Amino acid sequence: MMNRRHASLALALASGLPLSSFAQKKIVLGFSQIGAESEWRTANTESIKQAAKDAGIDLKFSDAQQKQENQIKAIRSFIAQKVDVIGFSPVVESGWETVLREAKAAKIPVILTDRTVDVKDDTLWVTFMGSDFLEEGRKAGRWLTENVKGSDVKIVELQGTVGSGPAIDRKKGFEEIIKGKPQYKIVRSQTGDFTRAKGKEVMQAFLKADPKVNVLYAHNDDMAIGAIQAIEEAGLKPGKDITIISVDGVKGAFEAMMAGKLNVTVECSPLLGPQLMATVKDVVAGKPVPKRIVTQEGIFPMDTAAKEFPNRKY
Ligand code: GZL
């Protein structure tokens, strides 16, 4: 099946008119975004929309409200519209084979951004650009073992969205580091779905069950910020009575660190827009693109927050 771009080229050639008389059609990118669950996601959406404008790419954008069925519907709609490229950030890793096969049958290349999919046939997607979540979990674990000492360190963990790449790998990377160090124990672990509200609610339950918690490891800053409210409402001092380790590096995390309420955040950049648009253009031009594009990131402890804050772009 010919896609939109090839069809218009064939029409131009068949018409016998000089190609220049057919203005190069704008590239059309269909993008399915997970939702607006966190500061990170909002910054990611802004980066994608601005970069599409700057690149002269016609962006068809859909917000799935964190529901996989909405992302599948959006991808099917992009196929029906015969877009040139489909991009999406898969809310969870599983359940994508069927719709990705439909995109492949329609000869529409698919780019994964931010999170990946778990499919047997990796020809169903062209490239995955985003962070190394396993390394982010390791960085959080290394900071813990280097900065929090004791013979019985009780850790509670606020996991991200169940089944999502970041939740799976941030947990795995963290546990890899504390494995074989029995003084560090994860005593409770539950999903806060990457949101402030759920992070607060679950932290309240953790504190009710066991107020003697030493460390909170949150898979993103929004859940950590929600948990900080719960810790304060329980009469405890976040960042002091409970050491808080988080991931993303959003502005809210830097503000919490400057207030002494968060101890460290592992950077996870949402600013994928420019890289996505450059890759879309390469794919349309038939240029080879790497199967995996990893974003480079750092780690920001509390004592670096004030100096780094003015440089933050998200
Ligand atoms: C990570 C991204 C995660 C962020 C959360 O790349 O998928 O989703 O860490 C966001 O803040 O909700």
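Given the structure is predicted, the values throughout are model-derived calculations rather than measurements. Just follow the structure's listing: the first ligand is 1, and inside any ligand the first atom is 1. Along the sequence shown, residues carry numbers from 1. Only this structure's heavy atoms are used, side chains among them; waters, hydrogens and symmetry mates stay out.
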Exercise. Can K104 and D121 be counted as an ion pair, charged N to O under 4.0 angstrom?
Worked result: yes

Problem set entry | Positive for salt bridge (Lys or Arg N to Asp or Glu O under 4.0 Å) with E267, one of K139, K313, R312 | R312

Seminar exercise, completed: At under 4.0 Å between heavy atoms, what of E39 touches ligand 1? The answer is neither

Exercise. Can a cation-pi geometry be assigned to R76 and F78, taking NZ or CZ under 6.0 Å from the six-membered ring centre and within 45° of the ring axis?
Worked result: no

Exercise. Is it true that K154 and D210 have a side-chain N and a carboxylate O under 4.0 angstrom from each other?
Worked result: yes

Exercise. Think K291 forms a cation-pi with W125, using NZ or CZ under 6.0 Å from the six-ring centre and within 45 degrees of its axis?
Worked result: yes

Exercise. Just one of K237, K261, K240 clears the salt bridge (Lys or Arg N to Asp or Glu O under 4.0 Å) bar with E232, so which one?
Worked result: K261

Exercise. Which of the atoms of ligand 1 are close to F133, meaning less than 4.0 Å from one of its heavy atoms?
Worked result: 1 (C), 6 (O)

For this session: Looking only at distances, please establish whether an N/O atom of ligand 1 is found under 3.5 Å from an N/O atom of R170.
Result: yes

Exercise. Is there a nitrogen or oxygen of R115 sitting under 3.5 Å from a nitrogen or oxygen of ligand 1?
Worked result: yes

For this session: List the closest protein heavy-atom neighbour of atom 12 (O) of ligand 1: residue, atom name, distance to the nearest 0.1 Å.
Result: E37 OE2, 2.5 Å

Problem set entry | Atoms of ligand 1, numbered as shown, that sit under 4.0 Å from any heavy atom of S38 | 5 (C), 10 (C), 11 (O), 12 (O)

Exercise. Is any NZ, NE, NH1 or NH2 atom of the basic residue among E176 and R138 found under 4.0 Å from an Asp or Glu carboxylate oxygen of the other?
Worked result: yes

Exercise. If we only count N/O pairs under 3.5 Å, is R41 in contact with ligand 1?
Worked result: yes

Seminar exercise, completed: Note: heavy atom closest to atom 9 (O) of ligand 1, options N220, D248, N44, belongs to D248

Exercise. Which bit of C268 is near ligand 1, meaning a heavy atom under 4.0 Å away: side chain, backbone, both or neither?
Worked result: side chain

Problem set entry | Geometric N/O contact H219 with ligand 1, under 3.5 angstrom | no

Exercise. Is the closest heavy atom of P166 to ligand 1 under 4.0 Å?
Worked result: yes

Exercise. For D114, is the nearest heavy atom under 4.0 Å from an atom of ligand 1?
Worked result: yes

For this session: With side-chain hydrogen bond (donor to acceptor under 3.5 Å, both in side chains) as the test, would you mind laying out the steps for S131 and T295 before giving the verdict?
Result: CA-CA 5 Å; S131 307; T295 29; 3.3 Å; yes

